[in-house]
Amino acid sequence: MRFTNWADFFNMGGHGFYVWLSYGVTFILLLACIILGWRRHQILIDRIRRIAEQKNNASHS
Amino acid sequence: MFNSLFKYLSRRFHQWGSPKYFYEYASRWLPWLAFFSTMILMFGLVWGLAFAPPDYQQGDSFRIIYIHVPAASLGMSIYVFMAIASVVSWVWKIKLADMLAKSCAPLGAVFTAIALITGAIWGKPTWGTWWEWDARLTSMLILFFLYMGIIALRSAINQREIAAQATGVLALVGLINLPIIKYSVDWWNTLHQSATFKLLEKPAMPPEMWLPLLISLLGFYCLFAWLVLFYTRNEILEREAKSQWLRAQVLK
């Protein structure tokens with residue numbers, strides 16, 4: 001273990017700002033990729049469900 | 001014997017090219033890829049952040065390497081993958097290859113952006129500047145613009161086949177940038193250090209430093225595999241929305 005306590009860990013030998021900014025930006029960008037993909041997935045699934053319902057209604061009436 | 005092997009391979013190839021087959025396999029693998037990429041990344045990054053020894057010159061700022069190098073490596077690998085997928089889509093007219101190529105562009109742009117941003121942040125304490133118009137940095141910025149150009153070109157063309165061809169040509173022309181990025185640190189005087197991992201040499205750092213980097217690289221590639229399958233499956237959901245088999249899969 002390189003650090004003895006949490007304060008040391010966050011301080012990163014004085015370079016905390018640079019290290020945590022890098023990791024933070026990376027985390028946010030990757031999370032955005034996941035969330036955008038997931039939202040698009042939901043929208044597309046809903047669309048297919050709607051098409052299926054319309055077909056169902058059309059064949060019953 | 002070779003004949004039957006060839007037949008087997010070409011059958012697999014065509015099976016893989018079918019959206020139905022891909023949809024089923026991607027759906028089965030996605031949860032596993034999500035699980036493994038999270039686990040591997042957490043393991044590699046915690047090791048790199050908290051357990052690896054500090055650099056004798058840079059102190060703890062060198063820990064940015066554990067995201068900077070994997071992101072930069074992916075930015076370039078995704079580009080090659082995308083160019084190959086484009087060529088396949090347009091030589092063999094395999095629709096799935098174009099869906100893969102389309103999914104690659106935004107992901108490649110994001111990983112390249114991560115490499116550029118973390119590089120700039122790392123440059124400040126190490127070189128004393130956020131940005132320098134140096135060969136490695138400039139060629140990497142061009143890679144980012146190539147991705148953006150490919151995304152813009154595709155969204156500007158309504159017809160799918162023409163969009164696939166046009167972006168394919170642009171991707172192929174842009175390939176010339178990759179050897180320039182790779183060898184920029186050897187060809188020109190640059191601030192940027194040379195590659196950490198080389199094929200035939202031992203890394204200059206001790207194993208406690210490069211092992212977590214190797215694990216983080218693996219985690220990032222897993223994450224990309226997950227995202228590209230996820231995005232391509234979305235693409236199938238969009239393009240095949242009216243297919244019977246897809247409706248059956250979704251309503252299952």
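Numbers restart at 1 for each chain; the letters A, B, ... are given by sequence-line order, proteins then strands. All of these numbers come straight from a predicted model, not from anything done at the bench.
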(request) Pick one of side chain, backbone, both or neither for B/Trp226, based on which atoms fall under 4.5 Å of a heavy atom in chain A. (result) side chain
(message) Closer than 3.5 angstrom, by distance alone: can the side chain of B/Asn234 be matched with the main-chain N or O of A/Gly37 as a donor-acceptor pair?
(response) yes
(message) Please classify the contact of A/Val19 with chain B as side chain, backbone, both or neither, using a heavy-atom distance under 4.5 Å.
(response) both
(message) Looking at every non-hydrogen atom in both residues, tell me the closest pair between A/Phe9 and B/Ala50 and how far apart they are.
(response) CE1-CB, 3.7 Å
(message) For the interface with chain A, which of B/Ala34, B/Pro54, B/Ser103, B/Ala71 has the highest count of heavy-atom pairs at distances below 4.5 Å?
(response) B/Pro54
(request) Count the heavy atoms of every other residue, nucleotide or ligand shown that sit under 6.0 Å from CZ of B/Phe197, and state whether that count exceeds 12. (result) yes
(message) Check B/Glu235 with A/Arg40, please: is the shortest side-chain N to carboxylate O separation under 4.0 Å?
(response) yes
(request) Any chance you could measure A/Phe27, atom CZ, to B/Leu41, atom CG, to the nearest 0.5 Å? (result) 11.0 Å
(request) Look at B/Leu45, B/Leu246, B/Thr118 and state which one has the largest set of heavy-atom pairs under 4.5 Å with chain A. (result) B/Thr118
(request) Inspect the surroundings of CE in B/Met148 and state if more than 12 heavy atoms from other residues, nucleotides or ligands are less than 6.0 Å away. (result) no
(request) Answer with yes or no whether the side chains of B/Asp60 and A/His15 bring together a donor and an acceptor at under 3.5 Å. (result) no
(message) Given heavy-atom pairs under 4.5 angstrom as the criterion, report whether the side chain, backbone, both or neither of B/Ala52 touches chain A.
(response) backbone
(message) Any heavy-atom pair between the side chains of B/Ile114 and A/Val25 that's under 4.5 Å?
(response) no
(request) Can you establish whether the number of heavy atoms outside A/Gln42 located under 6.0 Å from its atom CD is more than 12? (result) yes
(request) Answer yes or no: does atom CG of A/Asn5 have more than 12 heavy-atom neighbours from other residues, nucleotides or ligands under 6.0 Å? (result) yes
(message) Would you say that A/Arg2 contacts B/Arg63 through its side chain, given a criterion of any heavy-atom pair below 4.5 Å between the two side chains?
(response) yes
(message) For the interface with chain A, which of B/Leu251, B/Ile117, B/Leu107, B/Val250 has the highest count of heavy-atom pairs at distances below 4.5 Å?
(response) B/Val250
(request) Count the heavy atoms belonging to other residues, nucleotides or ligands that lie under 6.0 Å from CH2 of B/Trp32, then report whether that count exceeds 12. (result) no
(request) Ignoring hydrogens and angles, tell me if any N or O in the side chain of A/Tyr23 forms a donor-acceptor pair with the backbone of B/Leu49 under 3.5 Å. (result) no
(request) Check whether A/Ile34 gets within reach of chain B through its side chain, its backbone, both or neither, counting any heavy atom under 4.5 Å. (result) both
(message) In the structure I gave you, are the side-chain heavy atoms of B/Phe111 and A/Thr26 within less than 4.5 Å of one another anywhere?
(response) no
(request) Under 4.5 Å heavy-atom distance to chain A, tell me which part of B/Ile64 shows up: side chain, backbone, both or neither. (result) both
(request) Give, as side chain, backbone, both or neither, the part of B/Ile121 having an atom under 4.5 angstrom from any heavy atom of chain A. (result) both
(request) Answer yes or no: is there a side-chain heavy-atom contact under 4.5 Å between B/Pro125 and A/Phe17? (result) no
(request) Please determine which of B/Arg247, B/Lys242, B/Glu238, B/Gln249 meets the side-chain contact (heavy atoms from CB on, under 4.5 Å) test together with A/Ile48. (result) B/Arg247
(request) Heavy-atom distances under 4.5 Å only: say whether B/Leu237 touches chain A with side chain, backbone, both or neither. (result) both
(request) Please look at B/Phe224 and chain A and tell me whether the side chain, the backbone, both or neither of the residue comes under 4.5 angstrom of a heavy atom of that chain. (result) neither
(request) Report, as yes or no, whether the 6.0 Å neighbourhood of atom OH on B/Tyr21 holds more than 12 heavy atoms from other residues, nucleotides or ligands. (result) yes
